[in-house]
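A short worksheet on the structure shown next.
Values in this document were obtained by computation on a predicted structure and should not be read as measured data. Every chain is numbered from 1, with letters handed out A, B, ... down the list of sequences.
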Amino acid sequence: MMNRNNVSYVDAISEATAQEMAYDPSVIVFGLDVDDHKAIQGTTKGLLAKFGPDRVFGTPLSEDAMTGAAIGMAMCGLRPIHVHIRMDFMMLAMNQLVNIAAKTHYMYGGQIRLPMVVRSMIGKSWGQGAQHSQGLYSFFMHVPGLKVVAPTTPFDAKGCLISAIRDNNPVVYVEHRILHFQKGPVPEELYEVGPGKARITAAGSDITLVGISHMQIECLRAKHYLQEKGINAEVIDPIWLSPLDVDTIAASVRKTGHLLVVDNDWATCGASAEIMAAVTERLQGEMRFTVHRMGFANTSCPPTPSLEYLFYPNGRTVAAKAFDILKGSAQNWLPNERPDLKEIEFRGPF
Amino acid sequence: MMNRNNVSYVDAISEATAQEMAYDPSVIVFGLDVDDHKAIQGTTKGLLAKFGPDRVFGTPLSEDAMTGAAIGMAMCGLRPIHVHIRMDFMMLAMNQLVNIAAKTHYMYGGQIRLPMVVRSMIGKSWGQGAQHSQGLYSFFMHVPGLKVVAPTTPFDAKGCLISAIRDNNPVVYVEHRILHFQKGPVPEELYEVGPGKARITAAGSDITLVGISHMQIECLRAKHYLQEKGINAEVIDPIWLSPLDVDTIAASVRKTGHLLVVDNDWATCGASAEIMAAVTERLQGEMRFTVHRMGFANTSCPPTPSLEYLFYPNGRTVAAKAFDILKGSAQNWLPNERPDLKEIEFRGPF
Amino acid sequence: MIAKFYESLYRIRRVEEEVAKVYPTDKIKSPVHLSIGQEAVAVGVCEALQPEDIVFITYRSHAAYLAKGGNLKAMIAELYGKVTGSAKGKGGSMHLVDVANGIMGASAVVGTTIANSIGYAYGVKLKRQNNIVVCFFGDGATDEGVFYESMNFAALKKLPIIFICENNGYAIHTAQAKRQSVPDIAAKAAVFGMPIERLGDDVLHLYERISAAVETLRSGGTGPFFFECETYRWKEHVGPSEDYNAGYRAKTEAEPWMQQDQVQKFAMMLDPQQRQQIEQAVEIEIAEAFEFAENSPFPPDAELYDGVFA
Amino acid sequence: MIAKFYESLYRIRRVEEEVAKVYPTDKIKSPVHLSIGQEAVAVGVCEALQPEDIVFITYRSHAAYLAKGGNLKAMIAELYGKVTGSAKGKGGSMHLVDVANGIMGASAVVGTTIANSIGYAYGVKLKRQNNIVVCFFGDGATDEGVFYESMNFAALKKLPIIFICENNGYAIHTAQAKRQSVPDIAAKAAVFGMPIERLGDDVLHLYERISAAVETLRSGGTGPFFFECETYRWKEHVGPSEDYNAGYRAKTEAEPWMQQDQVQKFAMMLDPQQRQQIEQAVEIEIAEAFEFAENSPFPPDAELYDGVFA
Ligand SMILES: Cc1ncc(C[n+]2csc(CCOP(=O)(O)OP(=O)(O)O)c2C)c(N)n1
Ligand SMILES: Cc1ncc(C[n+]2csc(CCOP(=O)(O)OP(=O)(O)O)c2C)c(N)n1
Ligand SMILES: [Mg+2]
Ligand SMILES: [Mg+2]
């Protein structure tokens with residue numbers, strides 16, 4: 001028997017998929033390698049055996065046409081889940097996603113709706129390098145007509161996927177390779193974690209840390225580091241990036257007076273810029289507060305371990321930045337690495 | 001003889017191209033329909049006759065491969081200018097631009113450089129609708145390794161294009177269909193309007209209006225409307241969006257205390273969010289100020305004239321918003337349309 | 001049958017002529033890509049289909065929309081940007097749609113609907129529906145990579161779909177030979193392993209050949225089928241006028257097509273009285289459709305934000 | 001010639017075997033896609049080229065990189081992430097590059113370099129250079145639309161380029177027949193109008209046939225040329241191990257390829273002494289390269305922000 005308190009993110013995804021497929025025969029899963037023995041890191045494991053090759057199938061390397069096909073399937077009343085093993089490959093699918101999927105319902109005056117999910121994974125570590133490590137979800141946040149979700153916990157991985165599958169619109173479902181190794185409680189039954197509700201993952205009063213996708217983990221680590229200095233950070237996981245729950249974040253900043261958004265992506269025109277802007281729009285004039293962001297270094301991701309480490313924010317650098325925000329810039333405090341804060345991390349090799 | 005004080009944006013582009021091609025034999029121009037009689041609204045007119053079909057050629061409808069080819073040409077020492085008649089079609093080229101062009105110099109440790117320009121046009125009016133009216137440049141601002149420029153005046157159209165051609169990096173050069181009809185002074189000689197320098201297009205003291213691409217014109221109109229109310233707006237044209245000259249904008253806001261960014265694109269994760277965030281990072285803690293944005297309505301662009309009109313910010317709505325910012329929200333002042341502020345506008349039909 | 005075909009041909013021709021006539025009044029503020037001269041393919045194909053069959057079309061598809069049974073009033077209202085239009089004025093001429101009549105929409109981005117159509121056909125097959133999917137596209141669309149990816153997938157999965165390439169020899173002003181190293185489009189589909197056939201714009205022959213493919217699919221045979229149909233665009237790429245003086249093509253190239261004009265040909269096959277009856281009915285219908293469009297309101301402002309999400 | 005070929009074959013095989021051996025120590029933190037078993041194609045092709053000729057390669061191109069004369073020390077250092085690597089540690093195993101030796105880089109996104117190679121070839125032609133461009137890619141890349149777009153453009157412009165499809169029958173774990181409706185890749189290039197040929201992994205035959213194409217191009221003939229080369233990957237898709245027990249393929253499928261192993265075959269053709277000499281020299285070179293990599297420093301922190309723009 002599965003220990004429901006210790007379910008992996010990977011199993012949460014495959015379970016959600018299998019349950020929805022059993023519940024609704026219009027749900028199908030396809031994409032490169034969803035049906036091989038690796039089963040997209042296990043996230044599609046068992047589906048082929050259970051639901052057969054018509055509802056679970058690998059595809060040619062044809063991201064553009066397969067995205068278009070997902071749209072056509074949705075038009076025909078299916079609820080396709082199209083899977084990419086790397087988010088980077090979605091750059092081949094931008095035309096169908098931006099020009100067709102996002103616009104179909106509106107542009108056809110409501111005659112057609114597109115219930116479809118596009119799953120993809122952000123890579124990290126083991127020198128995957130420039131083309132396998134990008135979090136490009138801000139592109140999809142930018143375009144009206146698409147929803148975007150990036151769950152962090154196994155619980156949300158399941159609930160958000162179910163919600164995404166049942167949504168009557170195109171949903172971009174963002175996973176992070178490192179999050180796949182997260183474990184936690186996941187109810188057996190079907191449940192939804194729907195759009196538009198952020199989660200306060202740790203209460204606090206001094207500063208609001210918003211951590212997106214894997215950076216949620218780093219923010220939780222940062223909270224511990226900051227406690228060493230007597231700072232009590234509130235941590236928020238936006239979960240759904242589009243629509244974005246600005247209310248919850250703004251309410252927190254109303255309390256703490258400071259916002260630090262830590263993104264799993266570049267900052268420029270990214271989700272972190274958006275959250276800063278949206279919170280500012282909400283609160284300016286009402287009170288004094290500050291807004292800040294961290295994200296990927298403004299370069300391509302270098303594979304060599306030393307530079308790769310510098311490329312990403314981590315719990316310590318997030319804590320250092322938060323400390324600077326509260327105590328004045330360039331305090332040069334950087335906490336020592338604490339082994340007790342290392343959850344299991346995927347380290348390769350691939 | 002050409003009246004150098006009244007050169008059109010279109011002619012500025014074709015002149016810059018012709019002069020650079022004459023000056024540097026490695027410059028070539030290609031893309032769908034660059035060599036037909038319409039010559040991309042005239043912007044490539046005369047080039048075929050002058051430089052022949054090896055340096056000026058139309059292509060198959062193959063945006064993905066042709067973008068990859070531009071990269072390969074640049075690797076071989078050419079300076080290609082790849083033209084798209086609509087920016088929307090660049091969604092087919094995202095893989096090559098984001099995964100290859102942006103990363104090549106860095107990822108190959110500096111061994112290869114890619115001097116290339118990608119020109120494209122944002123459409124507007126005459127019911128071109130959802131798929132022919134997008135300003136998607138924030139995607140390119142987001143990714144390190146790409147430069148982005150969106151000139152507004154004929155003078156900048158020429159100077160920026162020359163600068164883009166001479167740049168040793170991939171430059172996304174954004175035109176706006178309506179701006180093509182702008183006229184103004186354009187020197188005959190070759191000159192550059194380089195990256196990183198915004199232009200104060202109208203001095204003022206009460207609020208800073210940053211207008212991107214065609215919205216620059218609307219901001220200039222808004223300045224006139226605001227004068228009716230005794231408000232003196234400063235207007236800034238960022239010209240280059242990446243790298244962005246935050247200094248000039250922040251200096252203006254330091255003076256006016258209020259920033260309103262008006263973008264020719266959606267707001268979420270857009271250039272307007274970025275400019276708000278960047279200015280806030282610069283000025284918060286130093287003084288009190290407010291930041292605001294306007295952009296496309298958060299829908300796909302509807303073709304029907306009544307809704308299409310509402311989809312875009314315009315001089316009047318920009319003025320109204322600025323007035324609200326300064327005088328408190330929902331003042332419900334909306335200036336009457338002033339015919340004297342109508343420059344020539346493209347109205348169709350196509 | 002002749003009467004039915006003529007009605008469809010005449011109706012399409014006349015609707016587009018009216019669109020061209022109205023266009024200079026600026027009442028239609030939407031880029032129109034007329035298919036005048038290309039009606040035959042739309043009619044020959046769509047007459048072979050049933051109402052529940054599905055077509056995917058392009059921005060140049062007034063013809064296919066009408067031939068498949070798309071609502072005429074909704075179409076004209078859509079061109080006028082009225083709320084009674086097929087897409088409430090949010091689609092425009094390039095995005096006609098009529099789901100009730102099996103018309104799954106049209107894209108202004110070339111080639112995109114090919115990929116959508118194979119997905120739809122996959123759904124049809126998975127759900128064991130008995131209808132058939134038809135996808136129309138131009139010769140220009142076959143320059144795009146998505147065309148090949150889609151042919152491969154359709155053949156790999158043996159989908160119940162019929163591809164109709166309307167080869168009018170041009171993409172905007174660029175002749176096929178300037179874009180394609182080898183002009184034989186059907187051969188490029190054939191390498192993926194599907195029956196191909198090259199057809200002209202003879203409506204009856206088209207009808208016969210498409211009907212045979214439809215019959216095969218309907219009776220449980222596997223697809224896909226590919227037809228390359230030669231045809232010719234009489235008007236400019238976009239807009240209501242002719243452009244034989246633009247330099248990229250000569251009127252002499254068009255003349256043989258005009259001489260074999262299918263609308264005229266079918267007109268001749270009917271007795272004058274029957275013809276007159278048909279034409280009169282069509283004229284009344286068209287006049288009513290334009291009147292309907294004229295008299296319909298523009299969408300209310302609130303429509304701007306309506307329907308971004310389902 | 002046999003000696004030269006053997007040296008190249010043996011060197012590639014041994015370099016990759018060393019990579020596989022070192023890999024479990026975690027000194028190489030970069031996903032390695034070994035070409036063990038596929039050396040023949042790289043050697044047969046690259047031996048027919050001159051130093052100034054250009055190759056575009058893939059993430060599985062240690063073989064082509066070495067065969068074309070890529071710097072071995074820089075390669076191993078790159079795998080180790082050292083600043084002395086071909087890309088200063090910013091490329092990794094999947095992005096080998098050596099411009100001085102005509103190696104224009106490799107992509108981890110399948111198919112992308114095909115498009116880059118045609119652009120380069122266009123440049124070569126425009127500048128009337130006398131060198132030749134060669135583009136390597138796998139069977140998987142021919143699923144992608146960009147492959148077809150690129151074939152069309154190359155043929156349309158008659159570019160001085162040779163396409164080498166290394167068909168190892170798989171894309172990751174998916175056999176070609178599961179992805180392609182028709183397995184004949186060369187035929188899919190042929191429809192664009194270019195000479196095609198199907199080859200195995202016999203080095204001498206490859207060398208001969210590629211040389212003929214090179215000769216044609218060098219002497220002013222027009223391209224492109226297309227070669228589909230059947231070959232076989234002995235190791236898992238990524239990583240240093242074998243995976244015949246994973247279920248997607250059987251060892252028996254590999255055996256014929258192993259029996260005709262070109263490295264062994266050439267070894268047999270040499271007299272033992274000469275063979276020993278070659279092998280010794282290669283072993284020394286390899287040992288030195290790994291030592292060089294081990295002893296080189298990681299890039300300094302400042303390198304992170306260096307070189308985003310030229
Ligand atoms: C992806 C894409 N590239 C370019 C264009 C610009 N464009 C609009 S129509 C057209 C010609 C398409 O030709 P074809 O498919 O033969 O259709 P036809 O107009 O001849 O009916 C082009 C290139 C576009 N709409 N979409
Ligand atoms: C565009 C794209 N889609 C998917 C992938 C994932 N992927 C990595 S390698 C590979 C297989 C490619 O097969 P092939 O071209 O035959 O090369 P081989 O590995 O057999 O040498 C795939 C699908 C990718 N890297 N790029
Ligand atoms: Mg055509
Ligand atoms: Mg392969």
Sidechain-backbone polar pair: Tyr108(A) side chain, Lys90(C) backbone, donor-acceptor under 3.5 Å: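 No.
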
Look up atom [atom1] in [X] and atom [atom2] in [Y], then write down how far apart they are to the nearest 0.5 Å.
X	Y	atom1	atom2	result
Met75(A)	Tyr120(C)	CE	OH	9.0 Å
Thr59(A)	Leu156(C)	OG1	CG	9.5 Å
Met66(A)	Ser150(C)	CE	OG	6.5 Å

Counting only heavy atoms closer than 4.5 Å, note whether [X] contacts chain C via side chain, backbone, both or neither.
X	answer
Pro53(A)	backbone
Pro60(A)	side chain
Asn95(A)	side chain
Lys147(A)	both
Leu146(A)	backbone

Residue pair Leu61(A) / Glu149(C): nearest heavy atoms and the distance that separates them: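 Leu61(A) and Glu149(C) have their closest heavy atoms at O-OE2, 4.4 Å.
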
Sub-6.0 Å ring centroid separation between Phe57(A) and Tyr122(C):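 Yes - the distance between ring centres of Phe57(A) and Tyr122(C) falls below the 6.0 Å cut-off.
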
Derivation of the side-chain contact (heavy atoms from CB on, under 4.5 Å) call for Asp167(A) and Phe309(C): CA-CA 10 Å; Asp167(A) 202 294; Phe309(C) 289 110; 5.7 Å; no

For chain A, the option from [options] that forms the most heavy-atom pairs under 4.5 Å:
options	value
Lys127(C), Glu78(C), Lys157(C)	Lys127(C)
Ile118(C), Val83(C), Leu126(C)	Leu126(C)
Asp306(C), Asn152(C), Val146(C), Thr113(C)	Val146(C)

More than 12 heavy atoms from other groups under 6.0 Å of OH on Tyr191(A):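 Correct, the count exceeds 12.
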
Residues, nucleotides or ligands: over 12 heavy atoms within 6.0 Å of Lys45(A) NZ: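 Open.
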
Test side-chain contact (heavy atoms from CB on, under 4.5 Å) applied to Tyr106(A) and Tyr305(C), step by step: CA-CA 9 Å; Tyr106(A) 187 86; Tyr305(C) 290 103; over 6 Å; no

Any donor-acceptor N or O pair under 3.5 Å, side chains Asp98(C), Gln111(A):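 Looking only at side-chain atoms, Gln111(A) and Asp98(C) do not form any donor-acceptor pair under 3.5 Å.
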
Non-hydrogen side-chain atoms of Met107(A) and His95(C) separated by less than 4.5 Å: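 Yes, close enough: below the 4.5 Å cut-off.
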
Worked check of side-chain contact (heavy atoms from CB on, under 4.5 Å) between Thr112(C) and Asn99(A): CA-CA 9 Å; Thr112(C) 51; Asn99(A) 286 329; 5.8 Å; no

Side chain, backbone, both or neither of Phe147(C) within contact of chain A (heavy atoms, under 4.5 Å):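 It is neither, since no heavy atom gets under 4.5 Å.
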
